[in-house]
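What you see below is based on every heavy atom in this structure, not just the backbone, and it leaves out hydrogens, waters and symmetry mates. By convention in this document, chain letters (A, B, ...) are assigned in the order of the sequence lines, proteins followed by strands, and residues within each chain are numbered from 1.
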Amino acid sequence: MLVNPSGVFLATSRTVDNFFSKRGPKEAAGDNESESGPKMYVETDCQDPNPRTEGAVAAAIAEGGFSQTVPNSTHKNHSGFEENLKLSMQELSYHHHHHHQNPIHEDAAAVTAMEIELQQQLAFNMDNSYNTADHNNSHSFMNNSYSVREKQEIDHFNQHHPHQDQQLQQIDSHQSFDYSSQQNYPYTPEPDLLNLFHLPRYSVSPLLTNSSISFSNPSQKTANYQNAHGLLEDAPTAADSASGASFLYDPLFHLNLHPQPPLIKEYFESLPNGYMPGSRNGSFSCPGGDEREGSGSVYQDGDLRQFENGVLEFTSDMACIAKSRDGETKATEHQRRQQPDKASVVADAIEYIKELTRRVNELKWLVEKKRCGRETSKRPKTEDDDAVNDEESCNMKPLGDTDHSFNGSLRCSWLRRKSKYTEVDVRIIHDEVTIKLVQRKNNCLVFVSKALDELQLDLHHVASGHIGDFYSFLINSKICEGSSVYASSIADKLIEVVDRQCAAVQPTAYYRDGEDCPGKQVTP
Amino acid sequence: MEQVGFALGELCITGEGSSRGRMGRKRHSDDIEDTSQFKSKNLKAERKRREKLSNRLLTLRALVPLITNMNKATIVEDAITYILGLQKTVEVLQDQLCEFEASSQEDAKPRNEVEVDAAGGTNGSGIQAEVQVTVIDEDRLWIKIIFEKKRGGFTRLMEAMRAFGLEFIDANVTTSLGTMLVSSSVKGIYGEKLAVQYTRELLLDIINGI
């Protein structure tokens with residue numbers, strides 16, 4: 001079991017969880033995902049330790065040998081959080097020194113990265129808290145971090161892999177799931193728990209984090225979805241083996257959880273992140289009202305209320321677990337708000353099926369074209385070697401099996417992908433690609449242009465604009481001859497590039513923490 | 001759905017009871033009326049919600065080649081199977097495409113070279129490379145660049161500008177007759193003030209180097 005100082009998610013240490021119940025503002029979380037190295041997000045302890053009490057007990061039960069120093073601080077306000085931060089840092093470094101299982105070099109790297117980030121986080125959080133006093137942000141951030149952390153814990157249980165690398169990888173992938181603006185891997189699933197979701201990795205959705213919540217609160221979800229939820233079949237065993245998690249089972253049973261048909265939850269699994277309920281309303285985490293947003297990003301007023309009451313001082317996940325003095329209604333209502341609506345799940349399923357059908361058609365067309373191209377290359381080449389000719393020659397050839405109707409028509413496809421800070425819309429007609437990209441954080445035209453070059457797309461027209469915080473680009477380009485790029489690869493690559501690289505760019509004057517990782521400074 | 005049915009049943013009963021109560025006892029009326037109105041609004045909302053869900057399920061059913069019975073659970077199940085099947089097909093096709101790509105790369109290369117030559121036709125169209133720089137604000141310049149369009153040329157321009165600490169704000173790019181026109185406002189990345197002449201010469205150099 002590894003203990004990572006400060007933010008590295010090496011899933012096992014619940015001690016870390018004890019100290020880091022919250023994170024700073026959500027931007028910091030959003031910025032911290034990067035695939036490189038042990039840089040994970042910094043967990044700073046902004047508020048109080050209610051989770052520590054339960055988490056601490058859980059950890060103590062489960063981990064046995066770890067020395068748990070549960071901080072006694074009971075600061076319930078933001079004003080106290082600097083002290084908590086410092087306290088947690090000290091505690092972390094204390095724990096770090098006392099756990100020797102980490103390979104030394106990784107520790108060192110992790111420590112330095114963490115400390116840097118922690119410092120940054122500290123600075124930024126303090127700044128943020130004093131400047132904006134934005135409770136919502138910090139709480140949402142905390143929620144994010146906590147849910148991911150929980151996921152990793154459960155993941156650890158499930159996988160039983162003590163190796164740090166594997167955990168790091170899992171953390172990477174978990175982070176990628178959680179922070180959509182981050183990582184968008186190519187379409188090859190990694191062997192981790194979340195693969196069971198069959199979800200492509202391009203965005204985080206409240207859906208996915210709902211599933212993560214289902215892990216972090218195995219009691220609440222397991223009660224309902226045990227049959228259908230393949231993942232949850234793992235969870236109970238994991239939970240049993242880890243009494244820490246099983247500790248979580250009990251308090252929730254008395255709550256009246258919403259019974260939902262188990263099959264709906266399988267929907268959750270099979271829908272990709274881009275099709276989140278409410279995702280059609282706009283992906284950029286609008287605070288307010290959207291009941292499905294809660295887990296992914298900004299926290300809603302309900303959570304704020306919880307915090308302001310001084311009763312529930314921790315993340316939503318813990319909120320579900322802890323007994324609220326206001327009564328269970330708040331927790332159940334909160335849970336219910338987090339769960340995607342049945343109707344919207346079905347609507348998203350419909351959209352997803354349509355998208356999948358389009359993609360299949362597009363890919364079939366391309367495969368056909370390639371196959372025809374190969375056939376014609378065996379014959380003497382005519383003057384016009386372009387796609388139209390290929391199509392015609394294919395139609396003329398008596399190939400029995402394949403249906404050439406695709407090749408007689410123009411290729412067209414359309415795709416839309418969203419991530420936490422980015423939205424991409426790709427339309428392909430024949431060999432022209434129109435891309436609309438809206439990015440929330442940075443002006444990333446240079447990265448986009450480079451990515452398009454790599455995809456063998458020839459830029460013909462770009463219109464870009466800057467509205468408020470948002471950068472939007474409308475790009476017309478042509479597919480170069482012979483390239484068989486398809487819409488989803490364009491969209492995936494763009495999201496990946498934009499989210500990864502733009503996050504690493506340090507914008508002009510002001511300091512944005514969490515974005516810099518030592519290896520990724522952009523030096524002009 | 002059964003639970004909803006039960007809940008509705010209860011609501012109906014209480015609604016009726018309250019109305020009887022209303023007729024019988026006038027003093028209690030306000031309270032009971034309020035609750036019955038509340039319950040009937042809830043009924044409407046509930047009904048609407050159920051209709052929404054069933055409409056969507058019908059749409060889903062229409063999209064999916066259902067094999068089994070037409071009830072809610074099987075619709076959902078079959079949709080899941082169908083989605084998984086489609087995902088598999090997508091994967092398979094993508095793999096096939098990758099294979100094709102890999103095996104036909106030799107064919108692709110000569111074509112690319114042809115393309116590059118074709119793109120460089122500025123001289124034929126008579127449009128000259130040009131750079132204009134104007135000050136529009138304290139720290140902003142407006143630039144207009146015309147240069148010969150080459151594959152990857154724009155990217156190189158952007159990267160060079162970035163390397164020199166210039167950032168495009170609101171760039172617009174169009175292409176015509178083998179030349180590319182870039183007009184944009186430019187800001188220093190570090191907030192420094194930019195000199196017009198210096199910037200102009202810098203851009204000319206960059207363009208010539210592309």
Can you name the closest pair of heavy atoms from Ile136(B) and Ser185(B) and give their distance? CD1-CB, 4.0 Å

Is the shortest heavy-atom distance from the side chain of Asn476(A) to the side chain of Glu432(A) under 4.5 Å? no

Between Asp458(A) and Lys149(B) (salt bridge meaning N to carboxylate O under 4.0 Å), is one present in this structure? yes

Winner by heavy-atom pair count (cut-off under 4.5 Å) against chain A, out of Leu86(B), Val182(B), Thr89(B), Leu181(B): Leu86(B)

For chain A, which candidate among Leu157(B), Ile169(B), Thr59(B), Leu63(B) shows the most heavy-atom pairs at distances under 4.5 Å? Leu63(B)

Under 4.5 Å from any heavy atom of chain B, what part of Tyr486(A) do you find: side chain, backbone, both or neither? side chain

Using salt bridge (Lys or Arg N to Asp or Glu O under 4.0 Å), reason through Glu46(B) and Arg49(B) one step at a time and then give a plain yes or no. CA-CA 5 Å; Glu46(B) 188 58 37; Arg49(B) 195 183 69 85; 3.0 Å; yes

Heavy-atom cut-off 4.5 Å, strictly under: side chain, backbone, both or neither for Met180(B) against chain A? side chain

Is Ser472(A) in contact with chain B via its backbone, its side chain, both, or neither, using a 4.5 Å heavy-atom distance? neither

Sort Val92(B) into side chain, backbone, both or neither according to what part of it lies under 4.5 angstrom from a heavy atom of chain A. neither

Let me confirm one number: the CG-NZ distance from Asn172(B) to Lys144(B), rounded to the nearest 0.5 Å. 13.0 Å

